[in-house]
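First up is the structure itself, then whatever we jot down about it.
Note on naming: letters A, B, ... go to the chains in the order of the sequence lines (proteins, then strands), and numbering restarts at 1 for each one.
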Amino acid sequence: MKKPARHLITSALPYANGPLHIGHLAGVYIPSDIYTRYLKIKGEDVISICGSDEHGVPITLKARKEGITPQEVVDHYHELNKKSFEDFGIEFDIYSRTSNKIHHETASDFFSTLYKKGEFIEKTTEQYYDNEAQCFLADRYISGTCPHCSSDSAYGDQCESCGTSLNATDLISPRSMVSGTMPVMKETKHWFLPLDKYEPWLKQWILEDHKEWKTNVYGQCKSWLDQGLQPRAVSRDLDWGVPVPVEGAEGKVLYVWFDAPIGYISATRELTDEWELYWKDPDTRMIHFIGKDNIVFHCIVFPAMLKAEGSYILPDNVPANEFLNLENDKISTSRNWAVWLHEYLQDFPGDQDVLRYALCASAPETKDNDFTWKEFRNRNNNELVAILGNFVNRALILTNKYFDSQVPARAETNEYDREVLEIMALQKDKVAAALDNFRFREALKEAMNLARLGNKYLADTEPWIVIKTDEERVRTILNIALQITASLTIVLDPFLPFSVRKLREWLNIETLPWDMAGRDDLLSAGHKTDRPGMLFRKIEEEETDRQVKKLMETKEKNEAPVKESAPVKENISYDDFASLDIRTATITAAVRVPKTKKLMQLTLDTGIDTRTVVAGIAEHFDPEAIQGKQVSLIVNLQPRKIKGI
RNA sequence: GGCGAGAUAGCUCAGAUGGUUAGAGCGCAGGAUUCAUAAUCCUGAGGUCCCGGGUUCAAUUCCCGGUCUCGCUACCA
């Protein structure tokens with residue numbers, strides 16, 4: 001493979017409607033940061049791009065709910081997240097945002113270019129329109145009764161109660177969540193990117209030319225390509241986003257997934273006048289770091305957009321990670337089940353590298369992984385403190401004790417010394433080989449093995465005993481131990497930037513380039529080192545227990561029945577009310593409905609008869625636990641069949 | 001429902017074009033050691049490789065069927 005002239009690293013743009021958590025870090029930003037730092041220390045030409053994704057419906061919903069403008073929402077989270085990245089040493093060359101002017105221009109121009117080339121098809125479809133608020137309603141803005149489970153709190157895109165994905169037109173008695181009124185169907189025009197047109201080319205490019213992509217990425221792409229691609233809408237009716245730059249397109253903006261990846265381009269433009277070198281020169285190697293939920297957009301939709309435009313390069317690889325769970329449960333922003341980065345730093349000030357280490361060591365590279373506080377503590381105490389911190393401390397303290405902190409000269413080496421030096425020299429290539437293949441867990445392990453080697457070397461050579469009889473021999477031993485320490489500052493640099501900085505200060509050296517790692521002459525005899533402090537502190541059980549307790553409290557809070565009250569339905573007449581026959585009934589039997597997640601079949605004794613009712617409660621109640629309980633029931637509701645019952 | 005990925009030691013994960021004793025780190029047990037933040041080093045115990053069938057001389061690996069977890073499912077972002 002030809003060596004690329006430069007690298008362009010992109011990291012998925014975090015959506016600016018919430019703070020960042022450990023899942024973001026482990027899945028995307030730690031790998032991308034390690035990779036970027038690695039390329040930089042190797043002396044490659046590389047830029048790392050990221051920014052806030054600030055458009056789309058959820059942000060407008062959040063703004064409406066909080067009674068502020070969408071701009072205020074994104075301003076808040078942009079600043080918060082930008083700071084979190086800085087605090088954790090995630091070094092982007094630029095952290096931009098999609099609500100700024102340069103992005104609007106870039107995205108608008110991109111659309112115009114495709115529009116002028118005739119790359120879009122226009123389609124007029126019928127969509128729900130809110131007459132009172134005078135706007136089209138995205139599916140998310142519509143609620144109604146689910147046609148499958150009869151839950152009355154289904155959204156236009158999905159029923160939260162039974163999990164079915166829906167079209168807004170499927171809903172029974174739809175209501176606008178903006179005004180509460182009943183929406184009407186109205187025609188609206190949208191632009192579509194005909195992905196089907198690029199299908200043959202995508203098949204060749206991915207399925208034939210990129211067999212080396214990770215199996216999850218390749219498999220997902222293959223599944224889409226095998227099913228056949230369809231034209232995909234690139235615009236929507238909304239007043240928040242990049243306006244569609246076409247006459248007569250008032251009230252329409254670019255669909256956020258058209259808009260967001262262009263954010264990578266606008267951020268690069270904002271960073272450098274040479275942006276076209278990074279985006280259009282075939283000698284540039286582009287890598288997208290993303291989570292698994294983003295695969296199709298980065299592997300199919302965005303490449304199709306770039307291809308349609310014509311002058312851009314395509315990604316060389318898209319190393320998508322799986323998801324990180326937390327204490328055996330899915331991370332969820334809405335359920336507050338997460339470790340938030342800004343909160344972590346309040347509770348563990350100065351311990352950024354510990355989290356970086358723990359998340360990299362158990363990154364969800366091939367399958368979903370679980371983060372536990374216990375593992376976090378163990379990783380810190382047994383690996384960072386005991387192996388790395390301890391070795392560095394031993395080497396420097398011994399030097400301080402025996403040779404007044406000066407690097408001793410190496411005399412004659414014996415066979416064992418040479419063996420150790422040889423392993424040390426090979427270690428950087430092992431780390432590099434893993435990093436080149438985006439295997440970050442393995443790379444970190446190999447880097448740590450260098451510290452393990454150091455501990456073993458000291459244990460085997462026992463300088464604290466030899467010093468009594470043979471000082472010359474100890475000089476050689478400590479020289480070698482210190483050379484290992486110096487190499488550690490190189491191979492660990494991408495992973496633990498904060499700690500490596502400290503270590504360099506104690507060794508009194510500058511940042512060394514990658515290729516020097518493993519050399520036996522990084523520190524010359526007589527070089528003065530500093531007395532070391534603590535590289536890592538021990539984390540006590542109380543500290544992590546407190547974190548677990550915090551999560552348990554969240555869980556309790558979530559389980560408490562403080563359900564948000566649904567919007568009040570339209571008033572009904574007294575006659576309607578009077579016609580409801582509500583009675584108290586006793587549950588005599590309850591069984592789960594097979595092949596459903598949420599449905600439970602109940603047998604009820606109403607006092608007047610015994611009847612069978614299906615309720616969407618199986619996620620929250622145990623069949624055994626609710627037997628004998630009393631419920632109220634409208635006994636004259638029209639009977640319906642659900643799942644054949 | 002359809003599709004994709006995963007399931008291997010107590011935990012977190014590697015791995016094998018099908019072939020003798022399936023690996024690592026952590027945890028656990030025993031020993032050595034004291035320079036070091038009781039940190040290190042050595043040794044050891046631990047596995048129905050998710051379940052059921054098939055192909056084969058041989059299956060944890062390939063094929064078929066199933067179970068569970070996660071993701072995608074085309075206007076969710």
Side-chain angles (χ1 to χ4, degrees), chain A residues 13 15-17 53 55-59 61 125 127 136-140 155-158 164-165 167-168 188 190 192 195 214-224 226-238 255-257 259-260 291-297 300-301 320 322-323 325 330 361-372 374-375 378-379 381-383 385-387 389-402 439 441-442 444-445 448-449 452 454-460 462-465 467 474 478 481 532-538 595:
Chain A
L13 306 185
Y15 198 56
N17 74 335
D53 173 14
H55 295 140
V57 180
I59 280 168
L61 279 177
T125 55
Q127 279 226 323
F136 280 97
L137 296 166
D139 289 350
R140 269 276 158 126
Y155 294 107
D157 55 347
Q158 192 186 31
T164 328
S165 52
N167 288 318
T188 177
H190 281 293
F192 288 72
L195 289 178
K214 290 173 72 165
T215 46
N216 57 343
V217 177
Y218 188 89
Q220 177 106 52
C221 291
K222 188 170 186 315
S223 143
W224 272 58
D226 288 350
Q227 279 170 50
L229 301 175
Q230 302 288 315
R232 190 179 175 93
V234 299
S235 60
R236 56 185 347 199
D237 295 293
L238 195 68
Y255 175 41
V256 294
W257 263 105
D259 156 9
K292 67 171 159 181
D293 53 337
N294 263 334
I295 290 171
V296 279
F297 293 97
I300 291 180
V301 181
E322 303 285 307
F323 282 177
N325 293 327
K330 263 202 260 194
S362 53
E365 281 176 8
T366 53
K367 60 180 171 190
D368 291 357
N369 205 348
D370 194 37
F371 176 92
T372 63
K374 186 174 176 216
E375 192 196 336
N378 283 338
R379 292 263 188 211
N381 294 351
N382 302 331
E383 297 176 33
V385 174
I387 295 168
N390 183 37
F391 168 65
V392 166
N393 193 246
R394 297 170 85 183
L396 283 167
I397 288 282
L398 287 170
T399 305
N400 177 265
K401 251 187 205 173
Y402 302 150
R439 301 168 68 127
R441 274 194 317 233
E442 188 186 326
L444 180 57
K445 199 179 97 186
M448 285 296 284
N449 277 344
R452 288 179 212 276
N455 275 322
K456 184 167 161 52
Y457 180 68
L458 287 181
D460 290 343
E462 299 180 309
W464 50 91
I465 291 173
I467 190 72
V474 175
L478 284 187
M534 288 228 270
L535 203 50
F536 299 99
R537 68 178 185 94
K538 200 153 184 167
K595 300 208 170 179

A/R439 vs B/G15: side-chain N/O to OP1/OP2 distance below 4.0 Å: yes
Parsed dot-bracket for RNA chain B after applying the Watson-Crick and G-U rules with both distances under 3.5 Å and | for other-strand partners is (((((((..((((.....[...)))).(((((.......))))).....(((((..]....))))))))))))....
Between A/E322 and A/K367, is the closest basic N to carboxylate O distance under 4.0 Å? no
Which part of the nucleic acid does A/F536 contact within heavy-atom distance under 4.0 Å: base, sugar-phosphate only, or nothing? base
Drop me the distance from A/E462's CD to A/D460's CG, to the nearest 0.5 angstrom. 8.0 Å
Heavy atoms under 4.0 Å, any strand shown: does A/Y255 hit a base, just sugar-phosphate, or nothing? base
Looking across every strand, which nucleic acid part, if any, lies under 4.0 Å from A/H55 by heavy atom: base, sugar-phosphate, or nothing? sugar-phosphate
Quick one: label A/S235 by what it contacts on the DNA or RNA (base, sugar-phosphate, nothing), any heavy atom closer than 4.0 Å. nothing
Which listed nucleotide (B/U34, B/C75, B/C26) is nearest to the side chain of A/R232? B/C75
Identify whether any heavy atom of A/K330 sits under 4.0 Å from a base atom; if not, whether one sits that close to sugar-phosphate; answer base, sugar-phosphate or nothing. sugar-phosphate
Mind checking if A/K222 touches a base, just sugar-phosphate, or nothing, with heavy atoms under 4.0 Å? nothing
Atom CZ of A/F391 and atom P of B/A36: how far apart are they, to the nearest Å? 15 Å
Assign A/L535 to base, sugar-phosphate, or nothing according to its heavy-atom contacts below 4.0 angstrom with the strands shown. base
State which of B/U12, B/C75, B/A74 makes the closest approach to the side chain of A/W224. B/A74
Across all chains, not counting sequence neighbours, the salt bridge (charged side-chain N to carboxylate O under 4.0 Å, His left out) partners of A/K222 are A/D226
side-chain hydrogen bond (donor to acceptor under 3.5 Å, both in side chains) partners of A/K330, counting only residues at least two apart: none
Polar-atom pairs under 3.5 Å, protein N or O versus N or O of nucleotides 40-42 of chain B: list them with distances, or write none.
unit_1 : atom_1 : unit_2 : atom_2 : d
B/U40  : O2'    : A/R394 : NH1    : 3.1
B/C42  : OP1    : A/K456 : NZ     : 3.4

The glycosidic conformation of B/G46, counting syn as within 90° of 0 and anti otherwise, is syn
Applying ring pair (Phe, Tyr, Trp, His ring centres under 6.0 Å), name anything that partners A/F371, two or more places apart in sequence or on another chain. A/W373
Tell me which nucleotide among B/A36, B/A74, B/G71 gets nearest to the side chain of A/Q220. B/G71
What residues form a ring pair (Phe, Tyr, Trp, His ring centres under 6.0 Å) with A/F391, not counting sequence neighbours? none
With sugar-phosphate meaning primed atoms plus P, OP1 and OP2, does A/E383 contact a base, only sugar-phosphate, or nothing at under 4.0 Å between heavy atoms? sugar-phosphate
Between A/C221 and A/G228, name the one whose nearest nucleotide on RNA chain B is closer to the 5' end. A/C221
Please tell me which of A/P231 and A/Y218 maps to the more 5' nucleotide of RNA chain B, matching each residue to the nucleotide holding its nearest heavy atom. A/Y218
Under 3.5 Å, is there a donor on one side chain and an acceptor on the other for A/N455 and A/R452? no
Answer with base, sugar-phosphate or nothing: what part of the nucleic acid does A/F371 contact at a heavy-atom distance below 4.0 Å? nothing
Partners passing salt bridge (charged side-chain N to carboxylate O under 4.0 Å, His left out) against A/R537 (at least two apart in sequence or in another chain): A/D351, A/E543
Examine distances only and state if a side-chain atom of A/R441 and a backbone atom of A/A363 form a donor-acceptor pair shorter than 3.5 Å. yes
Just call it for A/G454: base, sugar-phosphate, or nothing, with non-hydrogen atoms closer than 4.0 Å on any strand. nothing
Within the structure, does a side-chain N or O atom of A/K367 lie under 4.0 Å from either OP1 or OP2 of B/U12? no
What's A/V296 touching, base or sugar-phosphate or nothing? Going by heavy atoms closer than 4.0 Å. nothing
Check every strand shown and say whether A/I467 touches a base, only sugar-phosphate, or nothing at a heavy-atom separation below 4.0 Å. nothing
Just jot down the side-chain hydrogen bond (donor to acceptor under 3.5 Å, both in side chains) partners of A/T125, sequence neighbours excluded, or say none. none
Can you list everything that forms a side-chain hydrogen bond (donor to acceptor under 3.5 Å, both in side chains) with A/T188? Sequence neighbours excluded, please. A/D237, A/K252
Considering only B/A74, B/C26, B/C75, which nucleotide approaches the side chain of A/N378 most closely? B/C26
From the options B/C35, B/A5, B/C75, select the nucleotide whose nearest atom is closest to the side chain of A/K401. B/C35
